J.: 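First, the structure itself, so that you have it in front of you.
Worth saying up front: this structure is predicted, and the values here are computed from it rather than measured. Note: hydrogens, waters and symmetry copies are ignored here, and every other heavy atom, side chains too, is used. Convention: sequence-line order gives letters A, B, ...; per-chain numbering from 1.
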Amino acid sequence: MKKVKIQFYLFLQAFLTLILPLFYSFSFSVKRNDQSVMASVRFQPLLLLLLVLIALFVVFLLRRRRENLDEYAKRALQIADSICFKISVLFIAAVLLPALFLATVLRVSSPIMVSTIIQYGKIIVYGIFVLFLIRALLFCWIDKKGLVD
Amino acid sequence: MLKTKIKEYREKANMTQSELAGAIGVRRETIVHLENGRYNPSLKMAMDIAKLFQVSVEDLFTFTEESQ
């Protein structure tokens, strides 16, 4: 049986994290007209749970067929993960903290704030997808270039 | 800087990179980087390769100080 390349596996993981932003966009939306801003909520937790379980099952199945993660690949993944960690810390500082600050200063119940929170939520769920994508790309780059201590 | 004679020994043993990778349980890319000096292996991997070619680790790898 042909083994699944690590690169393919990492890109598949990134692709599966697209479930979150797609589900989020389906669940929360903002409707604007001249007079007001309305938040529309169609949240269905069971659908999200089902999608996440399917994604985890696919990842689990392919993990068994994944190419051997040797010491070089482990080291390359560690480096990619540490870079992604730094990016996510920057992301939290640049996006989440200002959002928290805004929510404290402004009234959360105001329609504009609800719309802002929904937009921030979108940034977060797309951010997770982008982080996974960056991780896969970084791994490919390190795998191509090599590692010299 | 770590210099290696893996390629030399591999060719002497008439092995491909994939065969060597399979024999020591790593990916072919790892062997490519090892041969090109773009990866310094762990002691275990170095010993596995040395054992396969029936040479010592010192025969396989030489360490030279990089001039500043």
J.: Who pairs with Lys5(B) by side-chain hydrogen bond (donor to acceptor under 3.5 Å, both in side chains), at least two apart in sequence or on another chain?
T.: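 With sequence neighbours excluded, Lys5(B) shows a side-chain hydrogen bond (donor to acceptor under 3.5 Å, both in side chains) to no residue whatsoever.
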J.: Please look at Lys5(A) and chain B and tell me whether the side chain, the backbone, both or neither of the residue comes under 4.5 angstrom of a heavy atom of that chain.
T.: side chain
J.: Give me the contact list for residues 12-25 of chain A versus chain B, heavy atoms only, anything under 4.5 Å, ordered by residue number.
T.: none
J.: If hydrophobic clusters are built by linking Ile, Leu, Val, Met, Phe, Trp and Tyr wherever their side-chain heavy atoms come under 4.5 Å apart, do Leu56(A) and Leu48(A) end up in the same one?
T.: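 Shared cluster, yes.
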J.: Following the transitive rule for hydrophobic clusters with a side-chain heavy-atom cut-off under 4.5 Å over Ile, Leu, Val, Met, Phe, Trp and Tyr, establish whether Ile6(A) and Leu131(A) coincide in one cluster.
T.: no
J.: Kindly compute the distance separating OG1 (Thr30(B)) from CG (Leu147(A)), expressed to the nearest 0.5 Å.
T.: 9.5 Å
J.: Please table the atom pairs, donor to acceptor, closer than 3.5 Å between any side-chain atom in residues 78-85 of chain A and protein atoms at least two apart or in another chain.
T.:
| unit_1 | atom_1 | unit_2 | atom_2 | d |
| --- | --- | --- | --- | --- |
| Asp81(A) | OD1 | Arg135(A) | NE | 2.5 |
| Ser82(A) | OG | Ile79(A) | O | 3.0 |

J.: Taking the side chain as everything from C-beta on, heavy atoms only, tell me whether Glu71(A) gets closer than 4.5 Å to Tyr39(B).
T.: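 The answer is yes; the side chains approach within 4.5 Å.
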J.: Checking Leu69(A) against chain B: side chain, backbone, both or neither under 4.5 Å from a heavy atom?
T.: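 Neither part; nothing is under 4.5 Å.
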J.: Is there a donor-acceptor pair closer than 3.5 Å between any side-chain N or O of His33(B) and the backbone N or O of Tyr72(A)?
T.: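 No; zero donor-acceptor contacts below 3.5 Å.
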J.: Checking heavy atoms, do the side chain of Ala73(A), its backbone, both or neither come under 4.5 Å from chain B?
T.: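 Both parts, backbone and side chain.
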J.: Treating Ile, Leu, Val, Met, Phe, Trp and Tyr as nodes and any side-chain heavy-atom pair under 4.5 angstrom as an edge, say whether Ile118(A) and Phe26(A) lie in one connected cluster.
T.: yes
J.: Taking a hydrophobic cluster as the set of Ile, Leu, Val, Met, Phe, Trp and Tyr residues connected by side-chain heavy atoms closer than 4.5 Å, whether directly or through intermediates, do Ile87(A) and Leu77(A) fall within one such cluster?
T.: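 As far as the 4.5 Å side-chain criterion goes, Leu77(A) and Ile87(A) are not connected within one cluster.
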J.: Give a yes or no on whether Phe60(A) and Leu53(A) share a hydrophobic cluster (residues Ile, Leu, Val, Met, Phe, Trp, Tyr; joining criterion: side-chain heavy atoms under 4.5 Å apart).
T.: no
J.: So with a 6.0 Å cut-off around CD of Glu11(B), is the heavy-atom count from everything else above 12?
T.: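 Yes, the 6.0 Å shell around CD holds more than 12 heavy atoms from other groups.
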J.: Whether the side chain of Arg27(B) engages the backbone of Asp70(A) through a donor-acceptor N/O pair (distance < 3.5 Å, no angle test) should be reported.
T.: no
J.: How would you list, in number order, the residues of residues 41-52 of chain B that have a heavy atom less than 4.5 Å from chain A?
T.: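 Against chain A, the residues of residues 41-52 of chain B that fall inside the cut-off (heavy atoms, under 4.5 Å) are Pro41(B), Ser42(B), Met45(B).
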J.: Would you indicate whether Arg38(B), at its atom CZ, is surrounded by more than 12 heavy atoms from other residues, nucleotides or ligands within a distance under 6.0 Å?
T.: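 Enclosed: over 12 neighbouring heavy atoms sit under 6.0 Å from CZ of Arg38(B).
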